[in-house]
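This report concerns only the one structure given below.
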Amino acid sequence: MPLMRIDMIKGRRSTAEIKKIMQIAYDLTRQDFGVPKDDRYQIVTQHEPEEMELLDAGLGIERSADVLFFQILSTPRNMGQKRTFCRDLVAKLQQEMQIRPEDVIVTMATNHAEDWSFGLGKQQFLDGEL
């Protein structure tokens, strides 16, 4: 049940490319985090160029207008899973879509089962439905 938000510059990618980015990221959550099939929550937001300012924190990373910013909110994952996911995501996006590694930023935050309601005003994890 990770919630994945993907931010990008508007007009840089086709619908098919956006769908492929989403699929790659979803497949890797299944592979690297052990997320079950159909546990998919992804939101893509496209911004005007002036609405995204993603500098390099002094690391010397030069980003292009094709930058992707992944925000993942999930139940706790261990450090190994997080490292593997970041490595695999960059490699797969580069291999399958020629997206530069410098243009992929990932941040992860943790929440817990009691922080989710999937609808109907219920907390399905706490109610034993999930």
Look at the side chain of [X] and the backbone N and O of [Y], then say whether any donor-acceptor pair between them is shorter than 3.5 Å.
| X | Y | answer |
| --- | --- | --- |
| Q94 | A91 | no |
| D56 | G60 | yes |
| D127 | E129 | no |

Under 4.5 Å between side-chain heavy atoms, hopping through other hydrophobics if needed: is there a path connecting [X] to [Y]?
| X | Y | value |
| --- | --- | --- |
| I105 | I99 | no |
| L130 | L126 | no |
| V44 | L28 | yes |

Which heavy atom of [X] sits nearest a heavy atom of [Y], and at what distance?
| X | Y | value |
| --- | --- | --- |
| R13 | V67 | NH1-O, 4.3 Å |
| E62 | E102 | O-CB, 3.6 Å |
| A113 | T75 | N-CG2, 4.3 Å |
| W116 | L3 | CH2-CB, 3.7 Å |
| M4 | A25 | SD-CB, 3.4 Å |
| V90 | P101 | CG1-CB, 3.4 Å |

Spatial distance of atom [atom1] ([X]) from atom [atom2] ([Y]) [nearest 0.5 Å]:
| X | Y | atom1 | atom2 | value |
| --- | --- | --- | --- | --- |
| E53 | R63 | CD | CZ | 10.5 Å |
| Q98 | D66 | CD | CG | 11.5 Å |
| D88 | Q81 | CG | CD | 12.0 Å |
| K122 | S117 | NZ | OG | 9.5 Å |
| D103 | F69 | CG | CZ | 13.5 Å |

Side-chain H-bond candidate by donor/acceptor type, [X] with [Y], under 3.5 Å:
| X | Y | answer |
| --- | --- | --- |
| D32 | T84 | no |
| R40 | Q42 | yes |
| D27 | Q23 | yes |

Looking at side-chain heavy atoms only, is the closest gap between [X] and [Y] below 4.5 Å?
| X | Y | value |
| --- | --- | --- |
| K10 | H47 | no |
| I21 | L93 | yes |
| C86 | M108 | yes |
| I43 | I6 | no |
| V35 | P2 | yes |
| M97 | I24 | yes |

Legend entry - Candidates E48, Q46, E50, M52 - the one meeting side-chain contact (heavy atoms from CB on, under 4.5 Å) with I9: M52

More than 12 heavy atoms of other groups within 6.0 Å of [X] [atom1]:
| X | atom1 | result |
| --- | --- | --- |
| K92 | NZ | no |
| R83 | CZ | no |
| R100 | CZ | yes |

Legend entry - L89 and V106: CA distance, side-chain angles, deciding distance, side chain to side chain contact (heavy atoms under 4.5 Å, CB included) verdict: CA-CA 9 Å; L89 181 64; V106 180; 3.8 Å; yes

Inset, instruction - Decide side chain to side chain contact (heavy atoms under 4.5 Å, CB included) for F118 and Y41; before the verdict, give the C-alpha distance in whole Å, the side-chain angles of both, and the deciding distance to 0.1 Å. - result: CA-CA 11 Å; F118 294 94; Y41 296 87; 3.1 Å; yes

Legend entry - Centroid separation F85 to F70 less than 6.0 Å: no

